[in-house]
2 protein chains.
Amino acid sequence: MSTSTPDLEEAAFLRHYDPALYDRPSFSVDLVIFTAHEAQLQVLLVKRGEHPYKGWWALPGGFLDLHRDSTLEACAERKLLEKTGVKAPYLEQLRTYGSRDRDPRHWTATVAYFALIAAPAVHLGSGLDTVRWAPVCDRAVADLLAFDHATILADAIERLRAKLEYTHIAVHLLPEEFTLPQLQQVYEIILQQPLDKSSFRRRVAEADMLEPVARQSRNGSGRPAQFYRFRDYDRRTFFPRSISRNAR
Amino acid sequence: MSTSTPDLEEAAFLRHYDPALYDRPSFSVDLVIFTAHEAQLQVLLVKRGEHPYKGWWALPGGFLDLHRDSTLEACAERKLLEKTGVKAPYLEQLRTYGSRDRDPRHWTATVAYFALIAAPAVHLGSGLDTVRWAPVCDRAVADLLAFDHATILADAIERLRAKLEYTHIAVHLLPEEFTLPQLQQVYEIILQQPLDKSSFRRRVAEADMLEPVARQSRNGSGRPAQFYRFRDYDRRTFFPRSISRNAR
DNA sequence: GAAATAGTGTCTATCAGACATTATGGC
DNA sequence: GCCATAATGTCTGATAGACACTATTTC
């Protein structure tokens with residue numbers, strides 16, 4: 001590997017480089033934080049206290065801290081921790097939204113991440129009237145979202161649904177130990193359609209991603225369910241086929 | 001819309017994130033421009049004329065022009081037009097890469113797009129030694145890519161391969177009229193494995209996305225192939241199943 | 001035992017892959 | 001006719017969906 005010019009020249013260039021030469025858009029990071037709770041897929045929203053969109057609900061987020069955040073993902077993790085107290089979530093970049101019009105003040109860009117966390121792991125901040133979980137299907141909520149956050153939320157739901165088909169990510173919406181009926185219910189909540197129990201279990205078994213734990217459910221009537229835990233939170237498990245294409 | 005008075009904590013939080021208090025990262029748009037040419041998937045590279053990474057090859061891109069570009073996508077389209085003369089490509093946002101380290105100068109973020117264009121449609125700019133097509137499998141090229149562009153390129157290839165499985169996007173790598181053997185060859189080039197002809201044609205036929213045109217190939221020996229054109233460049237066509245999972 | 005829920009077994013229509021066969025051009 | 005390539009036909013193993021069935025708990 002050869003650079004055609006000596007390092008001294010490069011060093012001199014770097015000393016005289018002026019980053020203010022170019023206009024930069026306002027740049028932020030926003031989070032779509034999902035959880036499954038009370039048979040609904042929910043998203044975390046914060047109420048805006050300042051203009052623009054004062055009093056509207058919005059996705060949590062904010063500006064980079066160039067000193068604290070060494071990467072975009074680190075920034076997203078920091079904001080998630082601040083909002084929910086969750087340290088090691090499932091976190092994935094969704095996409096970046098940038099235009100002159102999405103904020104009335106000026107040209108802005110925001111990189112959106114979506115996170116999946118288990119409801120019991122969350123400790124919301126003090127102000128219950130400024131932070132809340134909202135069911136994603138609630139149109140009344142979506143209509144009150146600031147900026148283009150309704151679009152971002154819709155894109156996140158679409159991505160989540162698509163990924164359910166070929167990955168295991170739904171397990172991140174549940175506590176570490178869970179039953180197969182619970183997992184199936186999460187799938188059904190997100191896909192909004194009932195799934196065949198036998199097919200679902202066959203699919204999960206073939207993916208070989210869960211291991212049973214010595215514990216059974218005690219939730220009233222009926223046969224207790226076996227608890228499982230996700231075998232490897234690092235390894236990527238892929239389902240070979242769609243799960244809902246022709247589901248009834 | 002009710003704008004309840006934000007509590008003090010919220011107000012402090014928002015003051016903390018006043019954009020004027022923080023530097024914005026340097027923000028650019030980079031393009032991964034693919035074409036299929038000479039039985040290889042190729043990517044457009046430009047040679048950097050300035051530091052840093054002077055003399056290295058890089059993905060084409062640059063800074064937003066807040067006055068001309070009303071959206072991120074418009075910026076990407078403008079840069080593609082400037083580099084290749086192509087006006088209406090297949091263009092899709094890949095993801096955004098941002099960190100303190102990816103550029104030696106300062107904290108930078110770049111939103112990467114990938115484009116698919118037909119090789120004959122391209123008119124490269126004047127300097128042949130500063131703009132070139134490079135086969136994506138050429139490790140010698142990848143090792144000379146500036147910044148984290150090798151990572152971006154790898155991610156783009158991964159996305160392209162994944163999308164081949166369930167969309168029609170490969171048609172955008174070919175001219176408007178093409179034969180099924182040509183289309184199959186594009187798939188085989190990108191997936192790097194032979195596909196069964198019968199299965200491939202059945203799949204394309206069932207997707208119902210091509211219409212025959214009154215033209216046949218005249219390329220020497222063998223039976224001439226029927227030409228087709230993509231039925232609807234706007235409609236999204238999805239394949240119901242994987243095409244290469246168990247291909248031989 | 002009844003009710004309720006968890007979990008398993010089995011049948012079948014569908015379909016991707018494999019590969020044989022036919023079709024159509026140039027020479 | 002021979003070769004090369006395009007295009008079609010057919011068989012089969014795999015499997016997703018459907019649903020009947022068994023298992024285990026509470027009451």
Side-chain angles (χ1 to χ4, degrees), chain A residues 39 164-168 174 177-189 191-229 238-248, chain B residues 39 164-168 174 177-189 191-229 238-248:
Chain A
L164 277 204
E165 303 285 348
Y166 61 96
T167 72
H168 62 249
L174 290 170
E177 299 188 354
F178 52 87
T179 69
L180 290 187
Q182 283 172 356
L183 184 60
Q184 181 174 344
Q185 196 196 13
V186 168
Y187 272 81
E188 291 175 337
I189 287 170
L191 297 175
Q192 294 197 287
Q193 62 182 327
L195 299 175
D196 182 80
K197 181 170 51 169
S198 177
S199 301
F200 181 81
R201 298 172 76 97
R202 181 169 49 209
R203 185 184 174 81
V204 171
E206 280 165 7
D208 193 35
M209 60 181 182
L210 301 184
E211 58 188 6
V213 295
R215 185 176 158 217
Q216 287 193 322
S217 68
R218 297 279 154 168
N219 53 333
S221 68
R223 175 175 171 178
Q226 175 67 49
F227 271 86
Y228 292 86
R229 53 178 294 134
F238 284 92
F239 288 115
R241 285 203 186 184
S242 163
I243 197 172
S244 71
R245 185 165 37 87
N246 290 321
R248 61 185 160 119
Chain B
L164 277 203
E165 303 283 351
Y166 61 96
T167 72
H168 61 251
L174 290 170
E177 299 188 353
F178 53 87
T179 68
L180 290 187
Q182 284 172 354
L183 184 60
Q184 182 174 344
Q185 196 196 12
V186 169
Y187 272 81
E188 290 174 340
I189 287 171
L191 296 175
Q192 295 197 286
Q193 62 181 328
L195 299 175
D196 181 81
K197 180 168 52 168
S198 177
S199 301
F200 181 82
R201 300 173 76 97
R202 182 170 48 209
R203 185 185 173 80
V204 170
E206 281 165 6
D208 192 36
M209 60 181 181
L210 301 183
E211 59 188 4
V213 295
R215 186 175 157 218
Q216 287 194 323
S217 68
R218 298 279 154 166
N219 54 332
S221 67
R223 175 176 171 177
Q226 176 67 49
F227 271 87
Y228 293 85
R229 53 177 295 133
F238 284 91
F239 289 113
R241 283 204 188 182
S242 163
I243 197 172
S244 70
R245 183 164 38 87
N246 290 322
R248 59 179 161 124

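A note on names: the letters A, B, ... follow the listed sequences, proteins ahead of strands, and every chain is numbered from 1.
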_Using modelled atom types and a 3.5 Å cut-off, is there a donor and acceptor pairing between side-chain atoms of B:Glu188 and backbone atoms of B:Leu195?_
yes
*Does the side chain of A:Val204 come within less than 4.5 Å of A:His168's, by heavy atoms?*
no
*So which heavy atom on B:Phe200 is nearest to which on B:Tyr187, and how close?*
CE1-CD1, 3.6 Å
*Which atoms form the tightest heavy-atom contact between A:Arg203 and A:Leu164, and what is the distance?*
NH2-O, 4.4 Å
*Can you tell me the distance, in whole Å, between the OH atom of B:Tyr187 and the C1' atom of C:dG17?*
17 Å
*Between A:Gly222 and A:Leu180, who's closer to the 5' end of DNA chain C by nearest nucleotide?*
A:Gly222
*CZ of B:Phe200 versus P of C:dC15: gap in Å, rounded?*
19 Å
_Nearest-angstrom distance from the residue atom CD of B:Gln226 to P of D:dT8_ = 10 Å
What's touching nucleotides 8-11 of chain C from the protein side, N or O pairs under 3.5 Å?
from, atom 1, to, atom 2, distance (Å)
C:dG9, O6, A:Ser198, OG, 2.5

*Could you check how far CG of B:Leu210 sits from C1' of D:dA7, rounded to whole Å?*
15 Å
*Using atom CD of A:Gln184 as one end and atom P of C:dA6 as the other, report the distance to the nearest whole Å.*
9 Å
*Starting at atom CD of B:Glu188, determine the distance to atom C1' of D:dT5, rounded to an integer number of angstrom.*
14 Å
*Name of the residue among B:Arg201, B:Gln185, B:Lys197, B:Gln226 meeting side-chain contact (heavy atoms from CB on, under 4.5 Å) with B:Leu180*: B:Arg201
*asked:* Using the side-chain heavy atoms of A:Arg223, tell me which of these nucleotides is nearest: C:dT5, D:dA4, C:dT24.
replied: C:dT5
*Atom CZ of A:Phe227 to atom P of C:dT5: distance rounded to whole Å?*
16 Å
_Nearest-angstrom distance from the residue atom CD of B:Gln193 to P of C:dG17_ = 9 Å
